[in-house]
Amino acid sequence: MTTVVWFKRDLRTRDHAPLVAAASLGEPVIPLYVIEDEYWQLPDTSGRQWAFIRDSLDDLDRQLRKAGSRLLVMRGSVIDTLKQLQARQDVKRVFCHQETGGHWTFERDKAVIGWCSENQVEFREWNQFGVVRRLGDRNVWDRAWTELMRQPLLEAPARIPEMKGIEGDASGYDSRDFTLPDSCPDRQAGGSTRGEKLLTSFLDRRCVGYQYNISSPNTAVRACSRLSPHIAYGTVSLREIYQGAKATGNHRNTLPRKKKSLTSFRSRLHWHCHFIQKLEDEPELEFRAMHREMEALKTGPNDSERLQRWQEGQTGWPLVDASMRALTHSGWINFRMRAMLMAIASYQLWLHWRDPALHLARMFTDFEPGIHYSQTQMQSGLTGINALRIYNPVLQSQKLDPDGEFIRRWIPELAGVPSEMIHTPWLMTPTQKERYGGNTYISPVCDHEQAARVARKAVGDFRKQQVSKTETDRVLLRHGSRKGPVQKRPRVPSKQQSDQLSLFD
């Protein structure tokens, strides 16, 4: 009898429970990845995401070959692939990890489970994140998360029973033949090998000062772990990252400042699963506001010109445009800039949340549906339980990029503008523009201060008139944060204080 290990967003061999379980049976194993055309036609998928996955599949195949196996890549639907394999290889089991994705993957998984049941094929799922299926009480979630993170890591199988003759029974598909157009020159490369190197460099040295340096786009590129796409596509397990950070932080030779940085980092791993749990509990969040009554705040089509200018980094606000251009080029930007981009779209540009959310999803190489849709709604003021975060693009620019280093890199139109003028180039006189440049940079789409005032009043009035306590209480009960794990933060003798907004506050 043959076991299919179906790889989805878990592209590794280390700490991979389904693969370990399949190998331990001593019967033939088919490691399978299916390229699903329908998935890649969804509005929140993109070529940069696929390119990262393609790198990871190559690396996964190398890992499997060390254990005497190989990765079978097929193209089409999962059910059609399983039918083909079952007809020729006597498939009796399908092992995989749980996935909390969008509506499409949810329906796909249900269909696969149904097919397995109808064809007497055992279907088993394992949990790789601290996300609980059919969670009845949010108060017990934290305990479940902690228990999962504390479980021992699983070593990659030394030997995986090979399925003989698979080449003749099913034609493998070369993942490099499947392409999606997307210009992302500075995209992070995928694969467990690169992910492990990033984790090592972060724990060894880059983590120091983490909590202070992740806000500015200038320092965040190095200060952030940069593990987010590896977590999203499972090239390194979340449990391995968490345990590595904890072990390093608790080591007797680790200095207090580094311990504090790693404690801050571990708390974000906790919040990672906290947010995915929201989508697990309420899949409709992909399409409508978490606070159902807030969905009626904005109706009608979005202003297409404003949306396009925001997407292209042409709003006329330097830090906003630099952030969007950097994201388009690299597929990554730090959290503060992500939050600012979404908030600007929602408040100053008064766009309905869904179009900006889909654009950002396509731009993020590390797109994680559970985090993304909850976060974009939170930054748009649609949860009903969180304070409004209306970012002032000028103050953020002056605070996080005071010398204009990040702005000049991504907005060459402003390369010669002095630091004291670069945050508000629209205030420059014609003489100053003639002297320093900036004539070709676009004027702001609107007065950001006036737009922010109008937006704050509109949201406030809507909440008073249209939002009920019953619905707000429902959201709080179902999705509100609970007390997390107790993290003892070592005191560090330093005058430096963090001005970082709470990551998910």
Side-chain angles (χ1 to χ4, degrees), residues 5-13 16 31-64 70-81 96-97 99-109 112 128 171-195 198 226-236 276 279 286 311 324 326-333 338 357-373 376:
V5 177
W6 176 23
F7 287 90
K8 294 185 282 184
R9 294 170 75 102
D10 52 350
L11 306 179
R12 63 182 185 276
T13 58
H16 196 291
L32 172 69
Y33 184 87
V34 182
I35 301 173
E36 301 164 277
D37 291 78
E38 285 189 15
Y39 174 79
W40 293 107
Q41 294 169 10
L42 297 175
D44 54 9
T45 62
S46 63
R48 60 193 60 192
Q49 297 163 10
W50 165 246
F52 186 93
I53 291 173
R54 186 181 58 219
D55 292 344
S56 302
L57 294 177
D58 290 342
D59 192 69
L60 175 59
D61 184 58
R62 288 191 289 269
Q63 297 172 56
L64 291 168
R70 71 180 184 87
L71 181 66
L72 177 65
V73 178
M74 302 289 284
R75 182 175 178 182
S77 76
V78 176
I79 290 179
D80 286 345
T81 299
C96 62
H97 274 119
E99 178 182 7
T100 301
H103 176 75
W104 190 91
T105 60
F106 177 65
E107 292 297 325
R108 182 270 319 272
D109 285 358
V112 171
Q128 68 168 339
S171 56
Y173 186 84
D174 190 338
S175 62
R176 286 165 291 190
D177 292 339
F178 180 76
T179 60
L180 293 170
D182 190 351
S183 178
C184 190
D186 200 24
R187 171 189 62 83
Q188 274 188 259
S192 297
T193 302
R194 293 184 177 93
L198 274 176
R226 303 305 304 273
L227 288 165
S228 55
H230 294 279
I231 295 173
Y233 299 106
T235 57
V236 183
I276 297 178
L279 188 63
E286 179 183 357
Q311 291 173 329
M324 185 62 81
L327 174 60
T328 302
H329 181 86
S330 68
W332 183 89
I333 196 74
R338 297 183 188 211
L358 289 174
H359 178 76
L360 290 178
R362 293 188 293 270
M363 292 297 100
F364 293 150
T365 302
D366 58 8
F367 171 57
E368 176 64 67
I371 297 176
H372 183 73
Y373 289 115
T376 52

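Computed from a predicted structure; not experimentally measured.
A side-chain donor-acceptor contact under 3.5 Å links Gln128 to the backbone of Arg9.
Taking CD of Glu286 as the start and NE2 of His372 as the end, the distance is 10.0 Å to the nearest 0.5 Å. Atoms CE and CD, on Met363 and Gln49 in that order, are 9.0 Å from each other to the nearest 0.5 Å. Once rounded to the nearest 0.5 Å, the distance linking CG of Asp80 with CE of Met74 reads 10.0 Å. Going from atom CZ of Phe7 over to atom OG1 of Thr13 covers 7.5 Å, rounded to the nearest 0.5 Å. For the atom pair CH2 (Trp50) and OH (Tyr233), the distance works out to 11.0 Å, reported to the nearest 0.5 Å. For the atom pair Leu180 CG and Arg362 CZ, the distance stands at 13.0 Å (nearest 0.5 Å).
Across Asp55 and Gly190, no two heavy atoms sit closer than the pair OD2-N, 3.1 Å. Closest approach of Ser330 to Cys184, counting heavy atoms only: C-SG, 3.5 Å. In this structure, Leu227 and Gly195 approach most closely via the heavy-atom pair CD2-O, 3.5 Å. Contact record, Gly101 with Leu279: O-CD2, 3.4 Å, taken as the closest heavy-atom pair. The two atoms that bring Ser56 and Leu11 nearest to each other are CB-CD1, 3.7 Å, heavy atoms only.
Screening Asp182, Thr365, Thr328 for a side-chain hydrogen bond (donor to acceptor under 3.5 Å, both in side chains) involving Arg48 leaves a single residue, Asp182. When each of Asp59, Leu72, Leu71 is paired with Leu64, the side-chain contact (heavy atoms from CB on, under 4.5 Å) condition holds for Leu71 and for no other.
Side-chain contact between Ile53 and Tyr33: present, with at least one pair of heavy atoms (C-beta onward) separated by less than 4.5 Å. Using a 4.5 Å cut-off on side-chain heavy atoms (C-beta onward), Phe178 and Val73 make no contact. Side-chain atoms of Arg75 and Asp37, non-hydrogen and from C-beta on, do get closer than 4.5 Å to each other. For the pair Phe367 and Thr45, the minimum side-chain heavy-atom distance is 4.5 Å or more. A 4.5 Å side-chain heavy-atom check between Pro185 and His329 finds at least one atom pair inside the cut-off. Looking at His16 and Val5, their side chains come closer than 4.5 Å, going by heavy atoms from C-beta outward. At a threshold of 4.5 Å between non-hydrogen side-chain atoms, the residues Leu360 and Arg338 do not count as touching. Met324 places a side-chain heavy atom less than 4.5 Å from the side chain of His359.
Using bins of under 30°, 30° to 60° and over 60° for the plane-to-plane angle, the ring pair Tyr39/Trp104 lands in the tilted bin.
Aromatic ring centres of His230 and Phe52: separated by under 6.0 Å.
For the pair Lys8 and Asp109, the salt-bridge criterion is met [side-chain N within less than 4.0 Å of a carboxylate O].
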